[in-house]
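One structure is given here, and the rest of the page talks about it.
As the structure is a prediction and not an experimental result, all values here were calculated from the model. All ligand and atom numbering here is 1-based and tracks the order in the structure.
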Amino acid sequence: MVKRRDFLQTFAIGTLLAAGGPSSSAEVARADQEEWYDRPMRWAQLAFVEDDPGNYDPAFWLDYFRRIHADGACLSAGGCVAFYPTEIPLHYRSRWLGNMDTFGEMVKGCRDLGMSVIGRTDPHAAHQDVYDAHPDWIMVDAGGGKQRHKSDPDFWVTCALGPYNFEFMTTVHQEIMRLYHLDGIFTNRWAGSGMCYCLHCRENFRTFSGMDLPRTNDPQNPARRQYILWRQKRLFDLWRIWDSAIKDINPGASFIANAGGGALSGLDMKTIGEIAPTLFADRQGRSGVMPPWANGKNGKEYRATMGRKAIAGIFSVGLEEKYRWKDSVQSGNEIRMWVADGIAHGLRPWFTKFNAQPIDRRWLPVVEELYDWHYRNERYLRNEASLARVAMVYSQQTATFYGGEQASAKVEDPALGFYQALVEARIPFEMVHDELLDSEHVGPFRTLILPNIAALSTKQCDQLHEYVNQGGSVIATYETSLYDEWGVRRNDFGLASLFGASFAGRVEGPMLNSYLTLEKDPATGRFHPLMFGLEDATRIINGVNRVIVKPAEAGGYSPLRVVPSYPDLPMEEVFPRPAAMEAGIFLREIGRGRVVYFPWDVDRTFWEVLNVDHGKLLRNAVLWTTNEPAPVAVKGAGILDLSIWSQKNSMTVHLVNLTNPMMMKGPLREIIPAPRQQSAHPDSQPQPNRESPSAGCKVRDPLSARQGLDRFRNPSNRPSRGHRH
Ligand SMILES: [Zn+2]
């Protein structure tokens, strides 16, 4: 692996080694034949619908898979509808199947193309005959009624935690494996459709906890807390049962759960990272108001616990809005941007198409173009390590036990705000799971960001102290560490000694019309580097919520001081009242490490308001704490999502061009080419993105500009290849 320092030097002088990694997936496969999981780089998923058998053209799809260089296939096998001649009673066969084996014929065709093949099952719904034979397999709602399927009333919703999954679906998975000897089985909607109050769930939960199933979602309710733990245990038990049933037939195969995600995901990512040999991140596209970097974020969250294991990013070719147009086709440019951002952050592309009889075919050339580009540049996409020096922590326990039903607003929004600020600041960064704060996982990073990571155990706080003692830097906001791992409030921050501030017993908010004044450092007579770009502001707007804190040392310098809320009406009363101005930010230097603590919700407010000053403050905080030259710096107009990777014999910088009027709300209409960009000399802080004309590079790729680094040694500053995306 190329060392980061070597890269910085070569980058700075603009002479980079030509890349020379393995040139094809076949070479890589030969090098590592024990497991197949790392081989497929591009996935194709055909999710059959019941009337596909006999009505679709397998040759069309196989030809398409070949043309796009897909090397992994996921095909619907069974579960709620079987597409092969199953012999298992109650395993419903497609009414169109007849004597055919739709699944089997596609498995054979894909194998003939050299593809890895996995079968898809979906156990979340069952027909009336299942209900009649085993009424106890059906999900029961809180009112005691058996749950009919909301979308298709011919179906009943099954209980995920009882014998339907543990017994019936185990035999289904075994039959599929015996007949087709697949590389794995991928199961969709296997983890339940909400709380189930069936006989089995009631009994099993009572055996586990001695309690009745909870009737509240409050995570501080003792039964609810036990339920959260029991459900996880049950699902991981199921995962292991299916995995071992599959491995009994093909030791090289695995059960691959449709599971995982960020802070709001329900199954512990640390455990998933330990047991899953590969994962498929199911974030098919954006809906509502969502930035395109959400796909890259997803990749980072999975990689935080999966490490270098292969992760495919499932994208839909259709719209992903709540009205569920599952048979639709998305704007081509929207697909391009979504997929490019996933690739830039380590996801391998996986398209999913429901219905093998395509009606609207406009997506086909788009995916072909993306996959062909991916194939041609594969050597630069087999990443060994991210070279980012900044990481943001995400915390499922904070979402579950502190956030509860408000997790999205209280836990995810601060992370989204900080994420947006980092993208705007063009700072490459990774995500880190809060249960992996050991030196192996956080050692590569110079700065850890804790965006309102409220719930932290004593052990986690100790790990963060140790990280700083070892020279690492930390940025924390708002209620970070004010709660223990169960979401119970402490008397003081677990990180009080790092922050240089203690909890004063009160949280204020929502605050209207509050500000922060900028204070020069009396020791130097100058503004602190955190105020870079704000020097002429005098004051900036405050956030919306703040923790009232006591400084560890009275009278210390704080570059920001709180102007408390004052009336915003009547207009005659809109003037600040005299008040003791509390510190609005705490800065500390501990050995080589630096700590910034914002006792307010700067990141969450940034997500809500997107105020430029808050964005600068967040950027400056990261530059000051990181306190070293950036691994990559690119200057120019527009919004680029950066990532930087090493491969075996090369390095790759991705500049994903997000500059678009539809950036925060798709779908994209057109891709606006990125204007000329300059690589900037890595520089000491706090002078972000200082221009260095001698090391200029022009980025022609409007989308994922894969910078094979040979581009930077071209003295004419012309890209040696133009990848048009
Ligand atoms: Zn149940």
Q226 side-chain N/O to M211 backbone N/O, donor-acceptor pair under 3.5 Å
no
Give a yes-or-no answer on whether the side chains of Y37 and S254 include a donor-acceptor pair shorter than 3.5 Å.
yes
Shell of protein N/O/S atoms around the Zn ion (ligand 1), taken as anything under 2.8 Å:
C159 SG, C196 SG, C198 SG, C201 SG
Tell me whether N355 contacts the main-chain N or O of F48 through its side chain, where contact means a donor paired with an acceptor under 3.5 Å.
no
Does the Lys NZ or Arg CZ of R215 fall within the cation-pi geometry relative to Y197 - under 6.0 Å from the ring centre and within 45° of the axis?
yes
In a check of side chain to side chain contact (heavy atoms under 4.5 Å, CB included) between Y478 and each of I453, N545, L450, which one passes?
N545
Which of parallel (below 30°), tilted (30 to 60°) and perpendicular (above 60°) describes Y92 and H127?
parallel
